[in-house]
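What follows is a set of notes on a single structure, which appears directly below.
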Amino acid sequence: MGGTTTVSVGSDGVAIITIINPPVNSLSFDVLNSLKESFDQALQRDDVKAIVVTGARGKFSGGFDISAFGALQEGKAMTTGLASKPGYVSIDILSDTMEEFLIKMLAMLVLAARKPSVAAIDGLALGGGLEVAMACTARIATSTAQLGLPELQLGIIPGFGGTQRLPRLVGLAKALEMMLTSKPVRGEEAHNLGLVDAIVSGDELLEKARQRALDILAYKKPWVLSLYRTDKIEPLGEAREILNFARAQARRQAPNLQHPQICIDVIEEGIISGPRAGLLKEYEAFQVLLKSDTCKSLIHVFFAQRGTTRVPGVTDLGLKPRQIRKIAILGGGLMGSGIATALILNGYQVVLKEVNQKFLDAGLGRVKANLTSSVKKGKLTQEKFEKTISRLKGVLDYESLKDVDMVIEAVIENVSLKQQIFLDLEKHCSPNCILASNTSTIDLDLIGEKTKSHDRIVGAHFFSPAHVMPLLEIVRTSKTSPQTVVDLLDVGKKIRKTPVVVGNCTGFAVNRMFFPYAQSALLLVERGADIYKIDRAITKFGMPMGPFRLCDLAGFDVAVASGSQFVFNFPERTYKSMIIPLMQEDKRAGETTRKGFYLYNDKRKASPDPEIKMYIEKAREISGVSVEPKFGKLSDKDIIEMVFFPVVNEACRVYAEGIAVKAADLDIAGVMGMGFPPYRGGVMFWGDSVGSKYIYEKLNEWSKMYGEFFKPCDYLAQRAALGAPLSSPLDQAKPRL
Ligand SMILES: C[C@H](O)CC(=O)SCCNC(=O)CCNC(=O)[C@H](O)C(C)(C)COP(=O)(O)OP(=O)(O)OC[C@H]1O[C@@H](n2cnc3c(N)ncnc32)[C@H](O)[C@@H]1OP(=O)(O)O
């Protein structure tokens with residue numbers, strides 16, 4: 001696993017222990033072993049009076065090595081470090097390791113009783129990193145340092161004493177907030193909270209930490225054991241109220257998740273029965289949670305998200321991204337203005353082009369409104385607002401686009417209009433300019449058909465609102481050059497999006513997976529299932545909203561426009577329901593008209609509409625589908641399976657066609673583009689947790705009863721026959737990228 005620590009003792013008698021494990025100085029087992037040895041050494045050496053712990057290259061530590069979790073979950077023995085100790089292999093690796101670490105932490109406390117230790121924190125002190133720092137006698141940090149316990153984000157709780165020490169340093173309410181939201185605090189705030197004892201500049205960090213350690217030794221500064229502090233913990237009655245409030249809030253925000261509740265229980269144990277009891281409970285809970293499906297899924301998502309930028313045949317060619325400074329956006333509608341906002345917020349010069357002054361003013365106004373809303377929420381200062389908006393220029397002509405490095409077309413979904421625009425762009429922009437389209441469904445080959453610029457045509461599919469949603473689907477055709485993709489990946493990174501590079505087809509990856517989501521729901525309703533029960537079941541599963549509420553939000557026009565692309569391209573597996581067109585005839589168009597599948601009040605609150613039954617009955621008359629009583633009695637599990645197995649089936653098709661190069665990319669596309677719950681790991685990961693054979697059998701059964709829509713694809717059938725996971729590397733399909 002790598003990583004180590006070094007010890008250097010100065011003439012002042014202070015030992016500097018440095019954690020070295022790039023890129024984030026994570027605490028691998030090698031680092032933990034080495035840290036323990038370094039501490040032991042510092043304890044034993046007579047020439048060492050005090051200790052400073054720090055991290056190499058301006059980062060304290062990003063926490064426990066997350067890549068070691070897989071082995072721990074599988075109970076695999078390690079062959080190095082702690083594992084080489086006599087008797088180690090015969091004992092459960094995790095418990096031994098964790099116990100070992102707890103012992104070490106306690107050793108550090110014993111040490112602290114004899115020799116003070118100061119954490120010198122720059123950059124990151126997250127998870128186990130902050131826990132090591134909190135076990136020291138004092139902490140000195142830079143103002144830009146980030147300190148936090150983000151373990152809940154990974155489905156676990158802090159496991160190196162963080163549940164006990166953080167409340168004792170910053171108080172219960174703030175500690176709960178930091179753990180439950182997983183959000184770090186900056187050095188300055190950490191100082192105000194009492195988590196950090198002093199703020200210094202990066203240049204003087206080590207020197208001040210050394211001095212602090214010597215001052216503690218000389219009793220000039222307090223010698224504090226954070227585990228035994230009580231002054232910051234609220235009185236018991238008040239503490240109980242805070243804990244109960246946090247419990248209720250966590251239940252409301254994450255009803256499917258156990259680990260936030262367990263974290264609160266562990267903190268409570270420490271407050272009621274003392275920190276030793278709290279540590280023990282933390283250790284026990286950590287072991288259980290580490291092996292939970294939630295933890296496995298969230299760790300999969302962590303690495304899958306970071307893996308999306310690795311695209312075989314593109315990012316391994318040694319290409320460097322070209323510098324993109326100025327970007328033109330065509331179309332100032334909702335998408336165009338959102339993209340422009342994201343770009344100017346991250347330093348790009350943007351030229352927004354519209355067809356007339358009225359539309360241009362409206363587009364510029366939208367960008368301004370996006371920024372103003374950030375100012376109102378306190379996310380942007382007035383000064384930054386002025387600077388940001390100064391990067392935006394509105395134009396009406398193509399002439400102004402002659403020096404841009406990239407264009408993102410974001411006009412309405414009309415093939416011939418887009419074809420004309422790309423011809424115009426080819427004429428007016430420089431020959432190196434990247435020509436991107438924000439189309440959500442249209443085949444890019446079709447858009448660029450009339451040009452000769454196929455190597456620089458690429459899809460830059462943002463999700464609405466583009467300045468908020470984290471995903472960027474980068475679509476490359478068989479002719480898009482790797483350089484163009486590398487350039488766009490770089491822009492994606494700079495505007496803080498998670499990019500997923502996919503191949504070209506109708507709907508790309510996200511909308512291909514989305515397509516059966518709404519379709520299956522409509523099929524169920526025509527056969528007798530209740531709209532609102534479906535939405536409830538899907539929301540309980542963890543989606544931000546059910547398919548009907550989502551349809552209302554997106555608007556029926558969008559649903560019909562993208563639906564028609566699918567009807568046209570995949571007619572054999574499209575379920576053609578008349579429910580939405582019938583509602584449209586009655587001027588129902590979703591939330592914007594305050595009437596869709598739900599009724600909406602002034603505050604956008606949705607309530608069921610009994611009139612919906614009428615449209616469903618009419619649709620049934622047209623399609624000839626009759627109500628089947630069992631559909632009225634579907635359980636939540638039935639609904640989840642009938643809605644999501646077709647989604648898994650489509651994801652398998654997308655993977656088998658080579659539209660996605662890694663199954664994990666589809667997981668990220670689902671989590672970030674569809675709102676699929678991350679704690680279920682993504683569409684393919686979840687499919688594997690259910691099992692390819694089971695999904696295949698169910699789809700096969702339904703396809704015989706309800707038609708082609710459910711028919712399992714060949715890839716799924718093969719995987720089921722082999723008993724193989726859906727997400728294992730593809731051997732048969734040839735990537736179309
Ligand atoms: C017992 C303890 O209580 C348990 C724990 O400590 S659990 C771990 C708690 N720590 C965390 O959750 C922090 C997770 N990491 C992060 O949030 C972010 O990576 C970060 C804020 C540290 C850095 O972000 P950023 O600069 O954007 O870089 P990012 O791309 O995310 O990470 C850089 C590399 O470090 C790796 N990395 C980051 N944190 C890691 C960790 N804790 N363990 C192993 N690898 C880690 C990433 O996988 C990535 O690797 P790659 O380059 O091969 O893809």
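Read the numbers this way: they start at 1 and go in the same order the structure lists the ligands and their atoms. We use all heavy atoms of the structure for the numbers below, so side chains are in, but hydrogens, waters and symmetry mates are not. All residue numbers in this chain count up from 1 along the given sequence.
Asp65 and Ser28 share no side-chain donor-acceptor pair at under 3.5 Å.
Short contacts between ligand 1 and Pro158, defined as distances under 4.0 Å to a heavy atom of the residue, involve ligand atoms 3 (O). Interface of Leu154 with ligand 1, defined as ligand atoms under 4.0 Å from a residue heavy atom, comprises 7 (S), 8 (C), 12 (O). Taking a cut-off of under 4.0 Å to the non-hydrogen atoms of Gly159, the atoms of ligand 1 that pass are 1 (C), 2 (C), 3 (O). Heavy-atom proximity to Pro23, at under 4.0 Å, picks out these atoms of ligand 1: 34 (C), 35 (O). Each of the following atoms of ligand 1 lies closer than 4.0 Å to a heavy atom of Glu131: 2 (C), 3 (O).
A ring-centre distance under 6.0 Å is found for Phe29 and Phe64. For an aromatic pair to be called close, the ring centres must be under 6.0 Å apart, and Phe286 with Phe160 fails this.
Of all the listed residues (Phe286, Phe64, Phe303), Phe64 holds the heavy atom that lies closest to atom 5 (C) of ligand 1. Selection from Glu151, Gln305, Arg310, Arg496 by nearest heavy atom to atom 52 (O) of ligand 1 gives Arg310. Summarising the contacts of atom 20 (C) of ligand 1 with Leu124, Leu27, Ile157, Thr308, the nearest heavy atom is found in Leu124. Considering only non-hydrogen atoms, atom 49 (C) of ligand 1 lies nearest to Arg306 out of Arg306, Gln153, Lys493. Between atom 11 (C) of ligand 1 and the options Gly62, Gly129, Gly63, Gly127, the minimum heavy-atom separation is to Gly62.
Residue Ser67 places no N or O, backbone or side chain, under 3.5 Å from any N or O of ligand 1. Remark: ligand 1 and Ile66 share an N or O pair separated by less than 3.5 Å (distance only, no angle test). Here's the thing with Pro150: none of its N/O atoms is less than 3.5 angstrom from an N/O atom of ligand 1.
Using a cut-off of 4.0 Å between Lys/Arg side-chain N and Asp/Glu carboxylate O, Asp490 and Lys320 are scored as not salt-bridged. A salt bridge links Lys174 with Glu177; the closest basic N to acidic carboxylate O contact falls under 4.0 Å.
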| task | Evaluate side chain to side chain contact (heavy atoms under 4.5 Å, CB included) for Arg165 paired with Glu131, printing each intermediate quantity in order. | result | CA-CA 8 Å; Arg165 289 195 178 90; Glu131 293 175 285; 5.8 Å; no
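No more than 12 heavy atoms of other residues, nucleotides or ligands sit less than 6.0 Å from atom CG of Asp293.
Panel note: side chain Ser61, backbone Ala125; no donor-acceptor pair is recorded below 3.5 Å.
Note that the CD atom of Gln146 and the CG atom of Leu126 stand 6.5 Å from one another [nearest 0.5 Å].
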